[in-house]
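The structure appears below as structure tokens.
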Amino acid sequence: MSLEQLLETIPRGAPDEALAREVNFEALPRHIAIIMDGNGRWAAQRHLPRVEGHRAGIESVRDVVETSARLGIGALTLYAFSVENWKRPVTEVTALMALLKRYLRLELDAINRNNIRFQVIGRTDELSADVLQELAAGQEATAGNSGMTFNIALNYGGRAEIVDAARRAIDAGIASADLDEQKFSQLLYTAGQPDPDLLIRTSGEMRVSNFLLWQIAYAEIWVTDTLWPDFRRKHLLEAVLAYQKRDRRYGGIKPTPALTR
Ligand code: FPP
């Protein structure tokens with residue numbers, strides 16, 4: 001979108017305004033992926049149950065989804081629940097699923113207003129019927145939108161996704177000689193979307209945690225100590241500005257005047 005559309009939501013004179021004005025709209029990341037981390041620690045710091053951290057994290061989700069759409073990001077992927085997260089106490093898993101359903105129900109209008117196409121990636125067939133129904137309703141209601149694609153990674157694992165893609169290749173009878181990186185990427189959950197240019201992780205952990213393993217091959221990684229429930233537009237803009245200062249070489253070398261002569 002544009003600076004004007006972004007500024008519509010920023011109070012005049014707020015620190016975010018200066019950050020927004022620094023963004024180069026010609027060099028935005030096409031896809032931003034976020035590992036939302038630190039909800040439990042945020043709750044613990046306040047002597048609250050872990051679930052309260054997840055609840056507070058919903059406000060960050062709202063802010064980041066709207067800001068990304070207004071910025072003009074092509075795709076945004078949020079890591080909401082991994083294939084490993086089933087190991088958490090059943091009360092936490094149930095609360096997370098309930099929060100997700102509630103988020104979708106309450107935010108569908110705003111998602112549509114912002115012309116966002118909502119999609120779920122992961123082994124969705126293993127989710128319960130009520131969650132699946134809400135997800136399907138969200139995907140159907142936004143399928144015609146032409147703006148940002150908003151992926152929620154749910155029951156998602158990067159290795160599981162690669163195995164699923166390999167199974168699809170076999171099921172489709174693709175001969176091994178016909179398979180290349182380009183074709184394989186079209187068998188992933190994110191088929192048709194650009195790979196993330198920017199991977200953000202909150203709460204200071206330096207891990208990729210089985211997230212979009214294939215797609216982040218050349219992503220720039222930006223880690224902040226900010227816990228997810230405290231993450232807001234300001235932090236997203238800081239990440240985009242840091243990304244725009246990176247020197248991306250994709251395994252090549254930086255051209256110098258001497259070499260290009
Ligand atoms: C990581 O924090 C966070 C999660 C596993 C879940 C994130 C989910 C939400 C913010 C709510 C629903 C999402 C959407 C997209 C509507 P953690 O619990 O691992 O934190 P810790 O490392 O501090 O314990």
Side-chain angles (χ1 to χ4, degrees), residues 32-69 73 75-112 114 116-124 127-128 130-139 141-142 148-158 189 199-212 223-233 235-236:
I32 298 179
I34 307 184
I35 302 176
M36 309 181 286
D37 196 12
N39 295 354
R41 275 161 284 172
W42 185 94
Q45 285 171 1
R46 288 159 181 79
H47 309 288
L48 293 169
R50 292 178 55 78
V51 169
E52 292 307 316
H54 299 315
R55 198 187 310 282
I58 295 282
E59 204 43 53
S60 314
V61 171
R62 275 197 198 103
D63 207 36
V64 163
V65 169
E66 172 152 24
T67 303
S68 302
I73 303 299
L76 171 74
T77 303
L78 301 184
Y79 202 2
F81 194 87
S82 74
V83 288
E84 290 86 13
N85 284 155
W86 297 107
K87 292 182 213 147
R88 294 188 178 211
V90 69
T91 47
E92 185 175 341
V93 172
T94 310
L96 268 171
M97 295 298 165
L99 277 174
L100 190 87
K101 285 196 298 179
R102 190 158 180 273
Y103 165 82
L104 274 178
R105 229 172 295 132
L106 295 179
E107 286 304 299
L108 206 50
D109 279 351
I111 289 176
N112 267 323
N114 285 296
I116 295 167
R117 197 161 63 92
F118 167 70
Q119 212 170 277
V120 190
I121 61 168
R123 286 192 169 160
T124 46
L127 298 168
S128 63
D130 56 327
V131 174
L132 279 175
Q133 197 183 331
E134 209 71 57
L135 297 174
Q139 292 184 104
T142 64
M148 183 178 83
T149 299
F150 168 32
N151 303 305
I152 293 188
L154 202 56
N155 195 25
Y156 176 87
Y189 306 146
L199 172 67
I200 297 174
R201 181 164 190 147
T202 59
S203 90
E205 308 288 349
M206 300 284 182
R207 288 189 290 276
V208 294
S209 297
N210 200 14
F211 189 40
L212 301 175
V223 176
T224 175
D225 285 336
T226 303
L227 304 177
W228 178 252
D230 293 325
F231 194 93
R232 289 291 181 276
R233 173 175 56 215
H235 305 98
L236 185 73

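Bear in mind that the values here come from a model prediction, so they are computed numbers and not experimental data. Read the numbers this way: they start at 1 and go in the same order the structure lists the ligands and their atoms.
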Those atoms of ligand 1 less than 4.0 Å from some heavy atom in [X]:
X    : value
R50  : 17 (P), 18 (O), 24 (O)
I58  : 11 (C), 12 (C), 16 (C)
G40  : 17 (P), 18 (O), 20 (O), 21 (P), 23 (O), 24 (O)
R41  : 21 (P), 22 (O), 23 (O)
Y103 : 16 (C)
I152 : 15 (C)
L96  : 6 (C), 8 (C)

Between atom [atom1] of [X] and atom [atom2] of [Y], what is the distance when rounded to the nearest 0.5 Å?
X    : Y    : atom1 : atom2 : value
Q139 : E134 : CD    : CD    : 11.5 Å
R117 : T142 : CZ    : OG1   : 7.5 Å
L96  : R55  : CG    : CZ    : 10.5 Å

My understanding is that only one of L135, I121, L100 makes a side chain to side chain contact (heavy atoms under 4.5 Å, CB included) with I152; could you say which?
L100

Keeping R232 on the side-chain end and D63 on the backbone end, is there a donor-acceptor pair under 3.5 Å?
no

Protein heavy atom at shortest distance from [atom]:
atom                    : result
atom 7 (C) of ligand 1  : N39 ND2, 3.6 Å
atom 14 (C) of ligand 1 : L100 CD1, 3.7 Å
atom 19 (O) of ligand 1 : R88 NH2, 2.8 Å
atom 3 (C) of ligand 1  : M36 O, 3.2 Å
atom 6 (C) of ligand 1  : A80 O, 3.3 Å

Under 3.5 Å, N or O to N or O, is [X] touching ligand 1 that way?
X   : answer
Y79 : no
E92 : no
N85 : no

At their closest point, which heavy atom of W42 faces which heavy atom of G53, and how far apart are they?
CE3-CA, 3.8 Å

Between G57 and W228, what is the shortest heavy-atom contact and its length?
O-NE1, 3.1 Å

Would you say that more than 12 heavy atoms from the other residues, nucleotides or ligands in this model lie under 6.0 Å from the CZ of R105, or not?
yes

Does CD belonging to E84 count more than 12 external heavy atoms closer than 6.0 Å?
yes

Using a 4.0 Å heavy-atom cut-off, which part of E205 comes near ligand 1: side chain, backbone, both, or neither?
neither

Which word best sums up how the rings of Y79 and Y156 line up, parallel for under 30°, tilted for 30 to 60°, or perpendicular for over 60°?
perpendicular

